[in-house]
Amino acid sequence: SSAASDVYKGQAILREGDGLAMSSRNNYLSVEERVIAPKLQETLINIVSQLRSGGDYRTVLEDGKSLLLKAGFIKIDYLEVCDESDLSYISNPIDGPKRLFAAAHLGKARLIDNIPL
């Protein structure tokens, strides 16, 4: 599969062809969990799209958490927007570079990802 990448602070996020961030953690996923895993990035992309379209910040994030749990993730550690310069949490996505960060458990694996807002 071909790998795509995002650049964050000079570090590339390498991705599998289906969008899952490459990581040794992916080896902990069962065949069934590996099919579910790309839902993390899909959900992040969906959240960013909704926020850019004026969606309510907290509602969009809570809906994203619900979607991940319905998809098969067993626990969400965080799903938050942070300031890109210092990684501080923000209460509302306003001007300036921001990123959406997520960490979620799927089976034995704790998957992490982030994308620009």
Side-chain angles (χ1 to χ4, degrees):
S1 64
S2 64
S5 68
D6 301 319
V7 176
Y8 172 59
K9 299 274 184 186
Q11 301 296 318
I13 298 173
L14 299 177
R15 297 189 180 278
E16 302 287 349
D18 60 6
L20 179 64
M22 289 183 179
S23 171
S24 60
R25 295 179 182 116
N26 298 348
N27 293 325
Y28 295 117
L29 298 170
S30 69
V31 173
E32 296 81 11
E33 291 162 350
R34 181 60 186 85
V35 173
I36 296 167
K39 295 287 185 192
L40 182 59
Q41 188 203 28
E42 289 174 25
T43 300
L44 296 181
I45 291 169
N46 187 2
I47 289 170
V48 166
S49 176
Q50 289 182 54
L51 291 176
R52 287 180 179 164
S53 298
D56 177 70
Y57 178 71
R58 282 288 150 211
T59 301
V60 170
L61 291 179
E62 288 305 315
D63 289 350
K65 289 176 185 177
S66 294
L67 285 172
L68 289 172
L69 293 171
K70 286 178 187 172
F73 286 83
I74 56 175
K75 179 183 173 192
I76 312 300
D77 286 341
Y78 55 83
L79 183 59
E80 293 291 337
V81 176
C82 295
D83 185 283
E84 196 169 84
S85 63
D86 64 7
L87 301 182
S88 61
Y89 289 109
I90 62 167
S91 59
N92 194 17
I94 54 174
D95 295 335
K98 308 285 183 252
R99 290 190 83 82
L100 176 61
F101 290 87
H105 296 260
L106 182 59
K108 296 177 185 177
R110 180 177 182 261
L111 303 179
I112 59 172
D113 205 343
N114 71 86
I115 61 172
L117 180 58

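All figures in this text were calculated on a predicted structure; none of them were measured in a lab.
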Problem set entry | Sequence-distant partners of Leu69, side chain to side chain contact (heavy atoms under 4.5 Å, CB included), two or more places apart | Ile76
Seminar exercise, completed: Rounded to the nearest 0.5 angstrom, the CZ-CG distance for Phe73 and Leu67 is 11.0 Å
Exercise. CG/Leu117 to CG/Asp83 distance, rounded to the nearest 0.5 angstrom?
Worked result: 11.0 Å
Problem set entry | Listed partners of Ser30 passing side chain to side chain contact (heavy atoms under 4.5 Å, CB included), at least two apart | Glu32, Glu33
Seminar exercise, completed: Residues Pro116 and Arg99: closest non-hydrogen pair is CD-NH2, 3.6 Å
Side-chain donor/acceptor pairs under 3.5 Å, residues 101-110, sequence neighbours excluded:
unit_1, atom_1, unit_2, atom_2, d
His105, NE2, Asp77, OD1, 3.3
His105, NE2, Asp77, OD2, 2.9
Arg110, NE, Asp77, OD2, 2.6
Arg110, NH2, Asp77, OD2, 3.4

Exercise. Where is the tightest heavy-atom contact between Ile47 and Gly64, given as atom of each residue plus distance?
Worked result: CD1-CA, 3.9 Å
Exercise. Are any non-hydrogen side-chain atoms of Glu42 and Ile45 less than 4.5 angstrom apart?
Worked result: no
Problem set entry | Set of side chain to side chain contact (heavy atoms under 4.5 Å, CB included) partners for Glu62, sequence neighbours left out | Lys65
Problem set entry | Distance, nearest 0.5 Å, that separates OH of Tyr78 from CG of Asn114 | 8.0 Å
For this session: Give, for atom CG of Leu51 and atom CG of Leu61, the distance between the pair rounded to the nearest 0.5 Å.
Result: 6.0 Å
Exercise. In Å and rounded to the nearest 0.5 Å, what is the CD1 to CG distance from Ile115 to Leu44?
Worked result: 5.0 Å
Exercise. Residues in side-chain hydrogen bond (donor to acceptor under 3.5 Å, both in side chains) with Ser53, at least two apart?
Worked result: none
Seminar exercise, completed: Contacts of Asn46 meeting side-chain hydrogen bond (donor to acceptor under 3.5 Å, both in side chains) (sequence neighbours excluded), chain-then-number -> Gln50
Seminar exercise, completed: Ala37 and Leu111 have their tightest heavy-atom pair at CB-CD1, 3.8 Å
For this session: Start with the C-alpha distance between Arg34 and Val31, add both sets of side-chain angles, then the distance that settles side-chain contact (heavy atoms from CB on, under 4.5 Å), and finish with yes or no.
Result: CA-CA 5 Å; Arg34 181 60 186 85; Val31 173; 5.8 Å; no
For this session: Please report the C-alpha distance between Leu79 and Leu100 in whole Å, then the side-chain angles of each, then the deciding distance to 0.1 Å, and finally whether the side-chain contact (heavy atoms from CB on, under 4.5 Å) criterion is met.
Result: CA-CA 7 Å; Leu79 183 59; Leu100 176 61; 4.2 Å; yes
